[in-house]
Amino acid sequence: MASARLKAPRGTFDVLPEEGRRRLALRSVCHSLLDHRAGLEYVETPAFEDTELFARGVGEATDIVQKEMFTFEDKAGRSLTLRPEETASICRAYIEHGMHKLPQPVRLWYWGPFFRHEAPQAGRYRQFTQVGAETLGSDDPAADAELIALLAELLEEARCREVGLRISSLGTPATRRRYREELGDHLRRHEARLAPAVRERIELNPLRAFDSDDEGTRAVMAEAPRLVDRLDEGDAEHFAEVRARLDEAGVGYVVDATLVRGLDYYTRTVFEFTSGALGAQSALGGGGRYDGLMEQLGGPPTPAIGWAAGIERILLAADPEATGHWGSTSPPRVYVASSDPAQARRAFALLTELRRRSVNAQIEQAGRSLKGQLRQADRLGARFALILDGEGGLELRDMRSGEQQEIGSAADVERLVDPEVSGW
Ligand code: AMP
């Protein structure tokens, strides 16, 4: 019986070499910007956590917790969940390792796989990769402005097309509660003009009415009170200061009072970057403040803000012309070939020596004849071939001119293949 062909699970994908090179290039951009230039510190947390962390940290009522978690029991019967996002884990780690005792704020970045049980489509997968940044222990608008500007710069350096930024402020939970009631009253007053689906959700989630495509509903929403107009003085000042800093730094945005993010824990600033070059799944990344989350998870009061962006979507939105080189291979500088199989061990020693000297080198591994090896070197785009003959002699061949010269050692090779010395 023929066995069934094995495939990657639904909603997951393999990263093959060309895409692997593109991802490494993007990771270098993140490393350079977030770590080297902005001084955020890289951290990792486990890919799975106690389920309770997400129930408490993401919010019981969110789509993520209600429908999208990969939850399983370990052998001791404890409930574990593959992480659907990082912020809750970062807070857990901050509390667990007493990071509140460090000079504040603590500024972190991460990169890794995340898991959500969603209906797969272009740009939406069940395992995807996020890069993210979090600033913990600061309520200064400087932290908000910095993180937003960093994500804007990251998307710029990744050459994402048609990027738009929307920002808003959600105020405090108390402001939000009062606003929900006011919005609910407005919706009930105009109930007859609303789409049935919106009418049914007035009590449950009146904010969703802003997302409706229905004409009658849209007309009602155009006259609806806006949360950004109901912020208390402190929140309004904070939001104005964040905007002023973005203006001053030339980071473009629009204020979108209807911006509601899918997570419960946000307070004050929220933001989302989208790309017009993506289809329905147009969100590249976003985030916001979560000033109450640390306490909710049992930690000391710690205002904080963060964002996460999807690597697969950034790469889909990246201009293929501007980032074409990301996918190309870097050919070996030297291909080590030998005319006699008896020289294989010495050839290997030379290869190792070259690599120790930081020369990009590869070696024959398919038993080809010398001619075949030189053809392979050519195919790989090697600039030089180091040829060992049966008597232990060494020759360096310039693969472009075909010129060959005798040499003595790996040190000679290193010198000769150095573009500055050889001029090649
Ligand atoms: P969120 O925490 O939902 O705002 O996600 C942040 C970013 O992660 C989104 O803007 C997307 O770029 C990316 N993302 C979220 N869910 C998925 C998914 N299922 N597949 C691919 N990317 C995702």
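If you're wondering where the values come from, they're calculated on a predicted model, not measured in any experiment. Below, all heavy atoms of this structure are taken into account, side chains as well, without hydrogens, waters or symmetry copies.
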Should we count [atom1] of [X] as having more than 12 external heavy atoms under 6.0 Å?
X	atom1	result
E96	CD	yes
E191	CD	yes
R345	CZ	no
R124	CZ	yes
Q104	CD	yes
F48	CZ	no

Might you work through the salt bridge (Lys or Arg N to Asp or Glu O under 4.0 Å) test for R178 and E182, ending with a clear yes or no? CA-CA 6 Å; R178 278 196 302 276; E182 189 187 350; over 6 Å; no

Would you kindly check if the NZ (Lys) or CZ (Arg) of R83 is within the cone defined by 45 degrees around the ring axis of F114 and under 6.0 Å from the six-membered ring centre? yes

Please enumerate all residues that pass ring pair (Phe, Tyr, Trp, His ring centres under 6.0 Å) together with [X], with sequence neighbours excluded.
X	value
F348	none
H238	none
F70	H117
H36	H31

Looking at [X] and [Y], would you say the former's side chain and the latter's main chain have a donor-acceptor pair under 3.5 Å?
X	Y	answer
Q373	Q376	no
R313	A283	yes
T172	T175	yes
D14	L16	no
E353	R357	no
Y253	F271	no
R383	D398	no

Does the pair [X]/[Y] count as a salt bridge with the N-to-O cut at 4.0 Å?
X	Y	value
E18	R22	no
D235	R268	yes
R107	E146	yes
D256	R166	yes
E215	R218	no
D378	R375	no

Quick one, S282 with S275, criterion side chain to side chain donor-acceptor pair (under 3.5 Å). Give me CA distance, side-chain angles, the key distance, then yes/no. CA-CA 5 Å; S282 64; S275 166; over 6 Å; no

Going by salt bridge (Lys or Arg N to Asp or Glu O under 4.0 Å), name the pairs with one or both residues in [range], residues two or more places apart or in two chains.
range	value
residues 277-296	D144-R289, R289-D291
residues 48-57	E49-R92, E52-R56
residues 27-39	R37-E157

For A240, what residues pass the side-chain contact (heavy atoms from CB on, under 4.5 Å) criterion, not counting sequence neighbours? R243

Once side-chain contact (heavy atoms from CB on, under 4.5 Å) is applied, do any residues pair with I95, and if so which ones, sequence neighbours excluded? M294, L297

Side-chain contact test, heavy atoms from C-beta onward, threshold under 4.5 Å: evaluate it for [X] versus [Y] and give yes or no.
X	Y	value
V334	L386	yes
H186	V220	yes
D319	T323	no
E203	R188	yes
T51	M69	yes
Y290	C91	yes
V43	W111	no
I64	R116	yes

Going by side-chain hydrogen bond (donor to acceptor under 3.5 Å, both in side chains), name the residues that satisfy it together with E312, two or more places apart in sequence or in a different chain. R23, T129

Under the salt bridge (Lys or Arg N to Asp or Glu O under 4.0 Å) test, which residues partner E223, sequence neighbours left out? R193

Qualifying residues under salt bridge (Lys or Arg N to Asp or Glu O under 4.0 Å), relative to R201, sequence neighbours excluded: none

Identified side chain to side chain contact (heavy atoms under 4.5 Å, CB included) partner of F273 from the options L154, I148, I167: I148

The test is side chain to side chain donor-acceptor pair (under 3.5 Å); show your working for Y94 and E134 and say whether it passes. CA-CA 11 Å; Y94 181 91; E134 316 273 347; over 6 Å; no

Can you tell me how far apart CG (L183) and CG (L187) are? Round to the nearest 0.5 Å. 4.5 Å

If you measure from OG on S212 to CE on M221, what distance do you get to the nearest 0.5 Å? 8.5 Å

For F13 together with Y125, are the ring centres under 6.0 Å from each other? yes

Would S169 and T269 count as having a side-chain donor-acceptor pair, cut-off 3.5 Å? no

